[in-house]
Amino acid sequence: MGSSKNSKLNSESIVGEDEYQDQSIGTELTRTDINKMAWRSLLLQASFNYERMQAAGWLYGLLPALNKIHTNKEDLSKAMKGHMGFLNTHPFLVTFVMGIILAMERSKQNVSSIQSTKIAIGAPMGGVGDAMFWLTLLPICGGIGADLALNGSIMGAVVFFLLFNVVHFSLRFGLAHYAYRMGVSAIPIIKANTKKVAHAASIVGMTVIGALVATYVNLSTTLEITAGDAVVKIQADVIDKLMPAFLPLLYTLTMFALVKRGWSPVRLIVLTVTLAVVGKFAGFL
Amino acid sequence: MGSSKNSKLNSESIVGEDEYQDQSIGTELTRTDINKMAWRSLLLQASFNYERMQAAGWLYGLLPALNKIHTNKEDLSKAMKGHMGFLNTHPFLVTFVMGIILAMERSKQNVSSIQSTKIAIGAPMGGVGDAMFWLTLLPICGGIGADLALNGSIMGAVVFFLLFNVVHFSLRFGLAHYAYRMGVSAIPIIKANTKKVAHAASIVGMTVIGALVATYVNLSTTLEITAGDAVVKIQADVIDKLMPAFLPLLYTLTMFALVKRGWSPVRLIVLTVTLAVVGKFAGFL
Amino acid sequence: MGSSKNSKLNSESIVGEDEYQDQSIGTELTRTDINKMAWRSLLLQASFNYERMQAAGWLYGLLPALNKIHTNKEDLSKAMKGHMGFLNTHPFLVTFVMGIILAMERSKQNVSSIQSTKIAIGAPMGGVGDAMFWLTLLPICGGIGADLALNGSIMGAVVFFLLFNVVHFSLRFGLAHYAYRMGVSAIPIIKANTKKVAHAASIVGMTVIGALVATYVNLSTTLEITAGDAVVKIQADVIDKLMPAFLPLLYTLTMFALVKRGWSPVRLIVLTVTLAVVGKFAGFL
Amino acid sequence: MEISLLQAFMLGILAFIAGLDLFNGLTHMHRPVVLGPIVGFILGDLQTGILVGGTLELVWMGLAPLAGAQPPNVIIGTVVGAAFAISTGVSADVAVGIAVPFAVAVQMGITFLFSAMAPMMSKCDRMAENADIKGIEKVNYMALLVLGSFYFLWAFLPIHFGAEHAGAMVEALPETLIDGLGVAGGIMPAIGFAVLMKIMMKNAYIPYFILGFVGAAWLELPILAIAGAALAMALIDFMKKSEPVQIKNEEAEDGI
Amino acid sequence: MEISLLQAFMLGILAFIAGLDLFNGLTHMHRPVVLGPIVGFILGDLQTGILVGGTLELVWMGLAPLAGAQPPNVIIGTVVGAAFAISTGVSADVAVGIAVPFAVAVQMGITFLFSAMAPMMSKCDRMAENADIKGIEKVNYMALLVLGSFYFLWAFLPIHFGAEHAGAMVEALPETLIDGLGVAGGIMPAIGFAVLMKIMMKNAYIPYFILGFVGAAWLELPILAIAGAALAMALIDFMKKSEPVQIKNEEAEDGI
Amino acid sequence: MEISLLQAFMLGILAFIAGLDLFNGLTHMHRPVVLGPIVGFILGDLQTGILVGGTLELVWMGLAPLAGAQPPNVIIGTVVGAAFAISTGVSADVAVGIAVPFAVAVQMGITFLFSAMAPMMSKCDRMAENADIKGIEKVNYMALLVLGSFYFLWAFLPIHFGAEHAGAMVEALPETLIDGLGVAGGIMPAIGFAVLMKIMMKNAYIPYFILGFVGAAWLELPILAIAGAALAMALIDFMKKSEPVQIKNEEAEDGI
Ligand SMILES: OC[C@H]1O[C@H](O)[C@@H](O)[C@@H](O)[C@@H]1O
Ligand SMILES: OC[C@H]1O[C@H](O)[C@@H](O)[C@@H](O)[C@@H]1O
Ligand SMILES: OC[C@H]1O[C@H](O)[C@@H](O)[C@@H](O)[C@@H]1O
């Protein structure tokens, strides 16, 4: 996976890119700053898309605080670039992740370390939040509301709206402040153990990414080879028996190789869309 | 999981508590001592209860030997305190665990190390013994006995009783001596590697405890939220999908936190019983 | 598992046996040598048997190259002894393993390290190849062939034969050269990290062997104890619940113990066959 | 009852707003139980709106976008469905039947949009490179505008021109293309992960990537379980690194 | 046939002894195949006792307390069932039918006792603190006495007063309370583990606790498999610690 | 049509060659689709041979030896089946019915041979010890000869003497013995692993053996998944060993 020459070059260049130039702890963030972040987090999914999912909206939420923390423009650019990476978490729990990440930004952790933490905390919270809010809170509030509505009362709408949003907004703002405070109180420990913390965060982050590849990338072939009486379903009969999620892994590693060769994501998207449409047309996807 | 201050205090105080003052190898245990232990092991479950299961009966079985090994009274107290910890193993295999543990006591291993070993060996033997004796030996002997009995012969009772107990008592006594000898022959190695052995034992012990929490603690909520047409079964629809055994874990960690704050087990039992009865009454347990 | 005395003796003696006397990198293998190996690999299963499976055929394939590499006769003997060990891989992918192994032989890695690598790569390829060639390629070619044949055309046989063997032979020869080149280019790295590479290979190899014992050794008892009304199926009701693959593990460890005591494989085979026939006769296998 | 142009326009605006709320804001005013009454209010029949809203709420019960995957669109289903129910007087169930093809078309359309938005991310990358805060913000705002307008059209057109005429439009959609984009949407996270791995992947983390993959692909463990096990591994590693010093003391003690 | 007070008393004593044998001693003289004949002997009809015992043995076949969980109580089932069968001459099956409510009541009662015994453990903790050997022993003996007496009563009362009267007693039990105690019994090991963790848990072992939990909760592995994997991890750790010294040599050799 | 001795002999030779091809060479000329026409050619009825071959190809579709386990033997099934079909004029299906007992007998016979070949391995061990290249080669050639002859006989005899007479032979096989050898074949890899472990097993690798076993026995993971996870562990270990030096620097930096 990557010839040794490649990876050496890579790791060197990353080390440089990875660290912030200004290593002094950033300006303190006020309650107003955190509130602003929480408000902005409402647009987490404004530019939702299937390549990076919530990336740009996530960055949008962090921007004012990042601008305050990174007075050095190059550092700001580094931070922003990092936060354009893939992210998908639950929109109600996102401020929890944001709070922690801002504390890490303030303490000028390395970009890769911050990104690992973002994934390590954010990704599992996606499923947790879906189960708690989309599959539990929502049907409960909806059920109560529908019940009242079917009796002809406008209170159905009102009760639903209030019930749901009391939970929603208390979480959104509560978690933001809670997480930031928690993160800040951990700054000294983090600072003293920068490398170790980064390493630990990367372990969790990369493990989760490995799992995400198998979970989030949906790619399977509908290819069936019919030769006389014999029908071989390539996906069910061959791939799934050998290595489930083989195609997602293969495709991700291919993309990774191309990214390392300098292909731009746009090119990869065009490639992917073309492949998908052609595949659908030719009947193998 | 425990602030760093807490855990530091803890670990310091534990270190003190953990080691025996008298580090010289204890008196040798004679065949009679081991036989006595095996006889006493018949009362392993005399004071069986759902908090510590076989703890006090286990201690009862070890007492004469412990008394001989720990001439220093404080050490005896330490040992006894340790052996009052949760234990559940199979009553026919228990002497195997006892034999090994007594050898460790003689070599004056740390309390936590001894307890880890006890759990690491004893807990898996619970399931093993159940499968071998309760679900295999017993139906076989019972079947033979019942067969004879249904023909009207008193030999059914006699054959059953003899067959079963020949196995039972040969194991009980045989394992006791075997395990103790084995343990004693390992003393020099253990002594030379005290810290390492303790660490290894703790790894197995704590892993098993983690598994036991998910296996032995039975706690699930019957809560269903019915809102109009919507029914959300909290246990099956939410918790089990997110994290099976979440409630057992939560409850155990809560208990752990309270124990660390100095709550006595009795208080926790009262709390638990109250919660259970109230929960049953209110219909959420 | 093995008393400490035993294992010490063992490991000492192994160290000696394990290393090649002549540590200089072996003669280069020409294209002809590799082609010869690929041709000979057609007889991989000539002396197939259930104890070592493809061992002797595998060695047959490597012999000319080994003879060229190990000019020292004792080294040749060492190498040959190692390659008589158990192996089962897919006959179409075997040249891939062979190529890598020959490169390792040239760089005079330790025998145990070479054998670990052989197992670590070869064993998983068995299942992979079966899925790809026996369960996919074969039915497809066969289906096409049968289709033509049922229309009465001799082209069925011809098309089948050509289609199948184009894939077959391109793989067999292509992989041989590819793997050997790959292996050779890795020689400097391997040489510089001999011990580490050996350790890593052994980790994978031994893990795979642990898995192979549970997968390849088929041993289960048909024993049912019927005592009056009670029927206890020893395999399904007891062993499978406690520890699936318990009997295979037990038998393998017993064989291992006997091998270490110096029993010859022939003796073990006689023992095994006797046991199996008696067991079948007595009805417990 | 006839629906006036103004009313159709107002319903379009309502769909615009509710459409945004489905993914942003998330006050859930876009759920039928709230949206129904508003449609009713606009069309001058609050009472029917409330009842239709309640009914549709049950129909969409438990359908929410998980991991970005779209169920049949609740907003167009409700706005169009309720509008038909109120204007033609048919029952809510019948009205839903009419609205379903539009809800499904929008479901696919959103999938399309979320795929089409992907190339924009590279533009954002360049803005990030230049620390162009305003730029990032503008992208997000523009995306909202596009998304909202899309909803506006899908509410306005069927309501203004009638289901029959609008239905033709739906059928005119090139199916394999749309399906192909759906497939592309499913694959696209691979690119996101590739970009991520470029930042985070060092050789030292390859094993953990493998372990995560094995856990998810073969053992089918949920992300939470894998994150838990990964945390355990990270902690073991974290604590091990500080040991060497300790070990030396220990060894000294042990006289090794 | 009438059962005399003395006979009822002797059956109570028999239940006392057999009750202890179910958890202590474990000679399994408490199984129907042995107990039935003894009941028959006491009631003067050994032959019927033998037959009833054989029948009941099959009824309770495969039912034994696993991990502390109680099946319907075999002892009261046998003693009361056999006594009724012998005294009234009904078949064994009918007698079991009569005995079942008592067997179930005792099942719940034992669960109750095993929960109620829990607070006694703190007392034992204090005794252990004081190295009070005699105290620990006394607790165990007392517990046996309580347990045995409980069995005595549940055998004596139904036999002496007849199933109808005793049945009323069973029905008088407050069900939610009993059920609640059953629930409490299920939760209680949590306290035991908490106490254990206080002794054994250091930060270094948190990861292993997590791994054990993940293995049991999500992968549903049995304890034996988890212990096996844990042993492997412990061995890896055990052998790694002694390596540093070796490593240095190796490095020296390798000239790094 | 009568089959001449020469023809029967040639079919035996064909079976010899095809029998080798099943495990060696693997050109798959042994599949019915190729074998059928050749049988037809030998018996002077190519056309029927082609049709029967096509039919039998479908019968054996998807049956191949996996991990050494034998399905009913395709070669004897085809050669004998096709010969009967051509000579007696019955349909291919009926002919297969006649051939099946022979195919099954050969399946067992191969299992027998593969068990009986095992002791030869020790001889090979000694040859390896002596670096006796010629010897190893001879063993392999001899094994081929034995295997091929075995096939020759099982094709020649039924064809020459007729199914009825040959069928008696099949029935004369001592079943428990054959079954016992099948069982022995299943167990035998244990010996192979034992020999392997003698070479490779050091104490340091016991934990990995355990982990592999737990993964395969309880989690029922396929070898590929286990090899993947093992690779991850090996890499972690591989990279860790070079760290100590680095760590010291780090510590120095951190001033610990
Ligand atoms: O799964 C987490 C998250 O994924 C996407 O971002 C959307 O589908 C959200 O609705 C969902 O909560
Ligand atoms: O499960 C092990 C063990 O648990 C409890 O102690 C009792 O139920 C025993 O009967 C059982 O053998
Ligand atoms: O399973 C791998 C391999 O095992 C044995 O060697 C034979 O059965 C082959 O046909 C098979 O491909």
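Chain A is the first sequence line, chain B the second, and so forth, proteins listed ahead of strands; every chain is numbered from 1. Computation of the quantities below employed the complete heavy-atom set of this structure, encompassing side-chain atoms and omitting hydrogens, waters and symmetry-equivalent molecules.
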Original post:
Are there more than 12 heavy atoms of other residues, nucleotides or ligands under 6.0 Å from atom CD of B/Gln21?
Top reply: yes

**OP:** Only one of A/Thr89, A/Leu44, A/Asn88 passes side-chain contact (heavy atoms from CB on, under 4.5 Å) with A/Trp58; say which it is.
**Re:** A/Leu44

Original post:
So what's closer than 4.5 Å to chain A heavy atoms on B/Ile239: side chain, backbone, both or neither?
Top reply: neither

**OP:** Sort A/Leu135 into side chain, backbone, both or neither according to what part of it lies under 4.5 angstrom from a heavy atom of chain B.
**Re:** backbone

Subject >> Per-residue contact mode, A/Ala146 against chain B (heavy atom under 4.5 angstrom) >> reply: neither

Subject >> Identified side-chain contact (heavy atoms from CB on, under 4.5 Å) partner of B/Thr274 from the options B/Val277, B/Val270, B/Leu271 >> reply: B/Val270

**OP:** Determine whether B/Gln235 and B/Leu247 make a side-chain contact, defined as any pair of heavy atoms from C-beta on separated by less than 4.5 Å.
**Re:** yes

